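Keep in mind that this is a model prediction, so the values were computed, not measured.
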Amino acid sequence: MTDTPQAATSGAGMSGKVFLYDQPELLTPEEHGALGLTPSDRPFDFVATVRVIPLTMTEFSSAQRHYPIVFASLEQPVPLAVVGLLEDVNLFVADGQWDQQAYLPSYLRCYPFGFAAGDEGRVAVVIDRAAKVVTENPTYPFFADGKLTKETESVMRFCAQYEGERKRTQEFTGKLKELGLLVNQQATYTPEGATEEQTLASFVSIDAKKLSELDAEAVHSMHKVGQLSAAYLQLYSLENWRALLARRFKRQKTS
């Protein structure tokens with residue numbers, strides 16, 4: 001694929017599912033020439049009921065300060081920032097706003113844009129047509145005289161960087177699978193007044209013991225491409241389960 005995203009020339013429909021995108025369509029001047037973005041005063045209402053947000057490897061250093069970082073599954077270990085517990089409530093969204101003190105994942109900064117593989121290795125731009133910020137008579141049109149506006153190009157450049165980091169992250173998770181470093185784990189807690197622990201979350205994580213037992217060659221190869229530090233940052237992030245639980249209790253008391 002090329003690093004430069006392009007609007008599709010035809011065919012607005014597309015198949016497949018994309019997390020959070022209810023109606024993904026290839027962005028074209030024919031189908032979307034009269035549309036664009038109109039900022040919302042509640043920009044994160046659309047993720048108020050989600051419990052995880054995808055992350056790239058390079059985001060771990062910022063995200064690990066606020067969220068437990070886990071992997072989607074042993075088979076498809078997409079890194080995820082955990083933003084909710086038990087109930088379908090995002091504990092970092094209130095009144096449609098993201099907690100300003102917490103890191104905002106790049107996946108959400110790209111929305112409602114995304115990418116799809118185009119012809120001849122090109123990258124075609126996707127939008128979520130169902131997004132509330134995609135409107136007619138927009139504040140920021142997608143196109144002007146059939147060409148992408150500067151505002152659209154700016155967002156697309158950020159999304160292109162994200163796509164590159166997503167590919168690096170796939171290499172990282174592929175290495176974790178290859179080395180057998182991923183395991184199923186549980187986070188537990190003891191409710192106030194109870195005597196027995198209860199499961200807070202079941203998740204996939206790197207096994208700290210297996211990581212410490214890697215041979216020198218594996219350690220060196222991971223270190224050269226930034227994967228070793230990412231692995232330890234993921235482990236450090238698991239200390240955030242307690243903080244996330246405290247955030248949940250605080251939300252329950254004020255609701």
Check the side chains of [Y] and [X] for a donor-acceptor pair under 3.5 angstrom, ignoring hydrogens and angles.
| X | Y | result |
| --- | --- | --- |
| Y189 | E197 | no |
| T188 | Q198 | no |
| E59 | S106 | yes |
| H66 | Q101 | no |

Parallel, tilted or perpendicular: ring planes of F44 versus F46, cut at 30 and 60 degrees: parallel
Would you call the rings of F92 and W98 parallel, tilted or perpendicular, where under 30° means parallel and over 60° means perpendicular? parallel
For F142, the option from T149, I127, T28, V125 that meets side chain to side chain contact (heavy atoms under 4.5 Å, CB included): I127
Among D207, L214, T173, exactly one meets side chain to side chain contact (heavy atoms under 4.5 Å, CB included) together with L181. Which residue is that? L214
In one Ile/Leu/Val/Met/Phe/Trp/Tyr side-chain cluster, 4.5 Å: Y111, V18: yes
According to a hydrophobic-cluster definition based on side-chain heavy atoms being under 4.5 Å apart (Ile, Leu, Val, Met, Phe, Trp, Tyr only), do Y21 and L104 belong together? yes
Least distance between heavy atoms, [X] atom then [Y] atom:
| X | Y | value |
| --- | --- | --- |
| L148 | E153 | CB-CG, 3.8 Å |
| L91 | L244 | CD1-O, 3.7 Å |
| A230 | F172 | CB-CZ, 3.9 Å |
| P105 | I53 | CB-CG2, 3.6 Å |
| K210 | G180 | CD-O, 3.3 Å |
| L86 | R51 | O-NH1, 2.9 Å |

Quick one: ring pair (Phe, Tyr, Trp, His ring centres under 6.0 Å) pairs with a partner in residues 201-221, sequence neighbours left out? F203-W241
[X] and [Y] ion-paired at < 4.0 Å:
| X | Y | value |
| --- | --- | --- |
| R248 | E87 | yes |
| R247 | D99 | yes |
| E165 | R168 | yes |

Do [X] and [Y] have side chains that approach each other closer than 4.5 Å (heavy atoms only, starting at C-beta)?
| X | Y | result |
| --- | --- | --- |
| P39 | T139 | yes |
| E136 | L35 | yes |
| V50 | L20 | yes |
| V204 | N184 | yes |
| L182 | I206 | yes |
| I69 | Y236 | no |
| L80 | V78 | yes |
| Q234 | F71 | yes |

For [Y], does its backbone N or O pair with a side-chain atom of [X] as donor and acceptor, under 3.5 Å?
| X | Y | answer |
| --- | --- | --- |
| S237 | P68 | no |
| N240 | Y67 | yes |
| K177 | E75 | yes |
| S40 | R42 | yes |
| D128 | Q23 | yes |

Does NZ or CZ of R109 fall inside the cone over F158's six-membered ring, less than 6.0 Å from its centre and within 45° of the axis? no
Rounded to the nearest 0.5 Å, what separates atom [atom1] in [X] from atom [atom2] in [Y]?
| X | Y | atom1 | atom2 | value |
| --- | --- | --- | --- | --- |
| Y107 | L55 | OH | CG | 11.5 Å |
| Q97 | D45 | CD | CG | 8.5 Å |
| H32 | L26 | NE2 | CG | 8.5 Å |
| S205 | Q186 | OG | CD | 13.0 Å |
| L245 | K250 | CG | NZ | 14.0 Å |
| N137 | T38 | CG | OG1 | 8.0 Å |

Pair V52-V83, side chain to side chain contact (heavy atoms under 4.5 Å, CB included): steps then yes or no: CA-CA 5 Å; V52 294; V83 297; 5.7 Å; no
Show the numbers, then the answer: is there a side chain to side chain contact (heavy atoms under 4.5 Å, CB included) between Y140 and V155? CA-CA 11 Å; Y140 303 106; V155 177; over 6 Å; no
Can you tell me if D215 has over 12 outside heavy atoms packed within less than 6.0 Å of its CG? yes
For atom CD of E213, decide whether the heavy atoms of other residues, nucleotides or ligands shown that lie under 6.0 angstrom number more than 12. yes
Should M222 and L176 be marked as a side chain to side chain contact (heavy atoms under 4.5 Å, CB included) after you check the CA-CA gap, both sets of side-chain angles, and the distance that decides it? CA-CA 10 Å; M222 291 182 69; L176 297 180; 4.2 Å; yes
Could you go step by step and tell me if T169 and R166 meet the side chain to side chain donor-acceptor pair (under 3.5 Å) rule? CA-CA 5 Å; T169 302; R166 188 187 65 82; over 6 Å; no
